[in-house]
Number of protein chains: 4
Amino acid sequence: MDAVIVIGGDGSMTGAKIFQEEYSIPVIGIPGTIDNDIFGTDFAIGFDTAVNVAVECIDKIRDTASSQDRLFLVEVMGRDTGHIALRTAIATGAVAVLVPEGPMSVKELHEHLSYLKSKNKSSNIVIVAEGNPTGNAFEVADKLQKLQSSYEIRVSLIGHIQRGGSPTAADRVLAAELGTFAVESLIQGMCGLMVGVINRKMVLTPIEKAVNERNGLNEELLRISDYLSV
Amino acid sequence: MDAVIVIGGDGSMTGAKIFQEEYSIPVIGIPGTIDNDIFGTDFAIGFDTAVNVAVECIDKIRDTASSQDRLFLVEVMGRDTGHIALRTAIATGAVAVLVPEGPMSVKELHEHLSYLKSKNKSSNIVIVAEGNPTGNAFEVADKLQKLQSSYEIRVSLIGHIQRGGSPTAADRVLAAELGTFAVESLIQGMCGLMVGVINRKMVLTPIEKAVNERNGLNEELLRISDYLSV
Amino acid sequence: MDAVIVIGGDGSMTGAKIFQEEYSIPVIGIPGTIDNDIFGTDFAIGFDTAVNVAVECIDKIRDTASSQDRLFLVEVMGRDTGHIALRTAIATGAVAVLVPEGPMSVKELHEHLSYLKSKNKSSNIVIVAEGNPTGNAFEVADKLQKLQSSYEIRVSLIGHIQRGGSPTAADRVLAAELGTFAVESLIQGMCGLMVGVINRKMVLTPIEKAVNERNGLNEELLRISDYLSV
Amino acid sequence: MDAVIVIGGDGSMTGAKIFQEEYSIPVIGIPGTIDNDIFGTDFAIGFDTAVNVAVECIDKIRDTASSQDRLFLVEVMGRDTGHIALRTAIATGAVAVLVPEGPMSVKELHEHLSYLKSKNKSSNIVIVAEGNPTGNAFEVADKLQKLQSSYEIRVSLIGHIQRGGSPTAADRVLAAELGTFAVESLIQGMCGLMVGVINRKMVLTPIEKAVNERNGLNEELLRISDYLSV
């Protein structure tokens, strides 16, 4: 065994680092996590697929939502981060998105929804990241229902559906790009690094840094999400 | 207005009947309900689509399930009936299915799973109909987890995802068949009846009977489901 | 080896029969062919999946068709039979279907399309079975274009896309039903037979008969297809 | 009417420019073309969806291809460019891709396939862009079949299937980003420009330049495609 290429998230990267140190075999990491919160890359393998699965599910939910006076709180994966939630919200035209990175209280959500109602905007999908600090989808639904009774609130969990499915074209191309770059980096004598893509350029990040820092939400997408939901 | 054709479930059929009596306009009903529990037809429009949506979701869940030591309880639609649950269970190779029509206690489920474990059979998907009398998926999960601790139990709700989606070919062909038969029946002077298909023959059932009786689970599928899960 | 269960079409069945005769090992056949032309069953495994794949492709083609003044000739599988073509045509609202079992000349097709045009009916999808005796989709397109020039004709081949894909729920349930019945038949001492489902009842047919006779097109669906395309 | 936002390809952009000049109403363009060859953006709306549709179709074709000794030439859209072909080839693990931007003769293709065969590499999918200068898929197939007879060559056209379908999450997010930026640009008094995204930054390009120049193939992806197909 000449070298090891590890694909995964924080846990796999940490393991890879320890492996390299113990066995003195060069290791290169490839970010693969649907949560997309690993530092050192704009996109991890699996993220695009997970977002598409969530969007397809919500398209189906919307078929019902739009024909009835209901609000759907849809919980998507993301224990510590709102990456999936944010993109899913924009892609499905959700009226609000609750993420760990910028919490919105249930009271604020209620006011936002009331404002939309007063403007006669149809408002039936709210995306909730798994790790939303103001409560999971069921808890938010309970609190929100107590604040108003003019419409019925339903909860839908995309949950584990999101961990499967055939990979999208973008994820496959990303895997080819990162995989090629990982092999080339090893050949050039690199090790202890994670490959990534930032602003469409291939980059290398020390595994320690990739694990210790966080990939924050895209500020521009947050702004667009606010913009579109008013 | 010469005649009315109504597509829907029990509620729509009852309304159609009242409409005919009040306005003396002939009415023919077409069964359209994903639950498939309306009497007078083997299949209602929407049922095949709903089962396929559930199966596609569970295929994605299984991608995770099979790689980890977990049991997934997947709740599918069916407030009063296990039609969707039963077909979904067979199509996904579930190890058990909990339906209103033939309740299985949590203790029985536990014993069945322990038996499979003793035979080294992989057992990771259990389908729970929404209206399961021994509890919804979350309740069954809680009770089951208390009876054993060797594997982790997760819950997934297909829920409202199942009410949407593009109709399958079979549902479209069924709609064409029933729709044609409905029009022809009206032309022949029929009314107050619901069209349906039983053993691949077009049949007519008085709306009252369609509403008051129930479409029971297919005995043969129940037997096959038991057979395959052992 | 106590017994053999063979899944396939005519070729596999014939082979199974020879195998049984040569080695004196009991054989039971299960019909599995997307063409659905094997005798002794209403539906062969794979047929429902193939029709759904064709319908999904045509839904995508229609997105373009409906926004432009074009006629699409879509060729689907079926070298000797129009089973896939007929169901696909009904499910996609095609204005005509060309099948081996009841040939329509290009002149007749042209007259039918002209009639629809005179009635201002939108008419943009025609389904052509691979084995259409009046020509494949390209040949029909050429001849048809010569008869008129008011709209552009495009050809689309679903072709080999149709041989793949994840099986539908109906195909999986059918496989469970036929598979269970095949095992039970063997246990009861049957052999040289093919299992099948006719009018939703499990039936057995001598393999020789299954191979030598043909599963004709459903007369009722032919009638509905004519009815809907006028 | 205060301003116009136009979504489309070269034709729409040219029209938009003329409209602005004639009516003195400010116009901003948004690139929307599945071919992705418009200058001034890495990605046009619709491109990601078209690539995913092609990849899903080829996944289905591959189910057959891998079980038989066949080579499939799959033609995808792209009259003047290989953007779709290149990404599709990488995503599906094709052994070669024929694009307008860097023609490969049938003789070169034959030698490449023979080389792979000599290395015992399975080689069953070749992607051909619609506008491939050495022939369309049928023509390449004919010439290639004449050069060898050890395997059967089949042709599959993804064609118009690729122009439809529900948009992917990435296309929807891109539409939200470009749409927001287009509105903001108009508010700031910009006009006669096309919005775009280059290396994940929003940029503006004069419509004339967007129409007159070309978005070349990604050099890095070309290199990776070569790398993976050997």
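Throughout, protein chains are lettered first and strands after them, A, B, ... in sequence-line order, and every chain is numbered starting at 1. Values in this document were obtained by computation on a predicted structure and should not be read as measured data.
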Using a strict threshold of under 4.0 Å (side-chain N to carboxylate O), is an ion pair present between Glu177(C) and Arg223(B)? no
Can you confirm whether Thr168(C) sits close enough to Thr168(B) that some side-chain heavy atom of one is under 4.5 Å from a side-chain heavy atom of the other? no
Identify which part of Leu174(C) has an atom lying under 4.5 Å from any heavy atom of chain B, answering side chain, backbone, both or neither. neither
Tell me, side chain or backbone of Ser225(C) under 4.5 Å from chain B's heavy atoms, or both, or neither? neither
Quick check on the interface: out of Asp42(C), Asp48(C), Leu221(C), who has the most heavy-atom pairs with chain B under 4.5 Å? Asp42(C)
Would you confirm whether Asn52(C), through its side chain, and Ala169(B), through its main-chain N or O, come within 3.5 Å as a donor-acceptor pair? yes
Just checking Tyr115(C): does its OH atom have more than 12 heavy atoms from other residues, nucleotides or ligands closer to it than 6.0 angstrom? no
Name the region of Phe47(C), side chain, backbone, both or neither, that has any atom closer than 4.5 Å to a heavy atom of chain B. neither
If you look at every heavy atom in Asp59(B) and Arg172(C), which pair is closest and at what distance? OD2-NH2, 2.6 Å
If I measure from the heavy atoms of chain B, does Asp171(C) come under 4.5 Å with its side chain, its backbone, both, or neither? neither
Among Val55(B), Thr92(B), Val173(B), residue most engaged with chain C (heavy-atom pairs, under 4.5 Å): Val173(B)
For the CD1 atom of Ile224(C) and the CG atom of Leu178(B), what is their distance to the nearest 0.5 Å? 8.5 Å
Short question: side chain of Arg200(B), backbone of Asn199(C) - any donor-acceptor pair under 3.5 Å? no
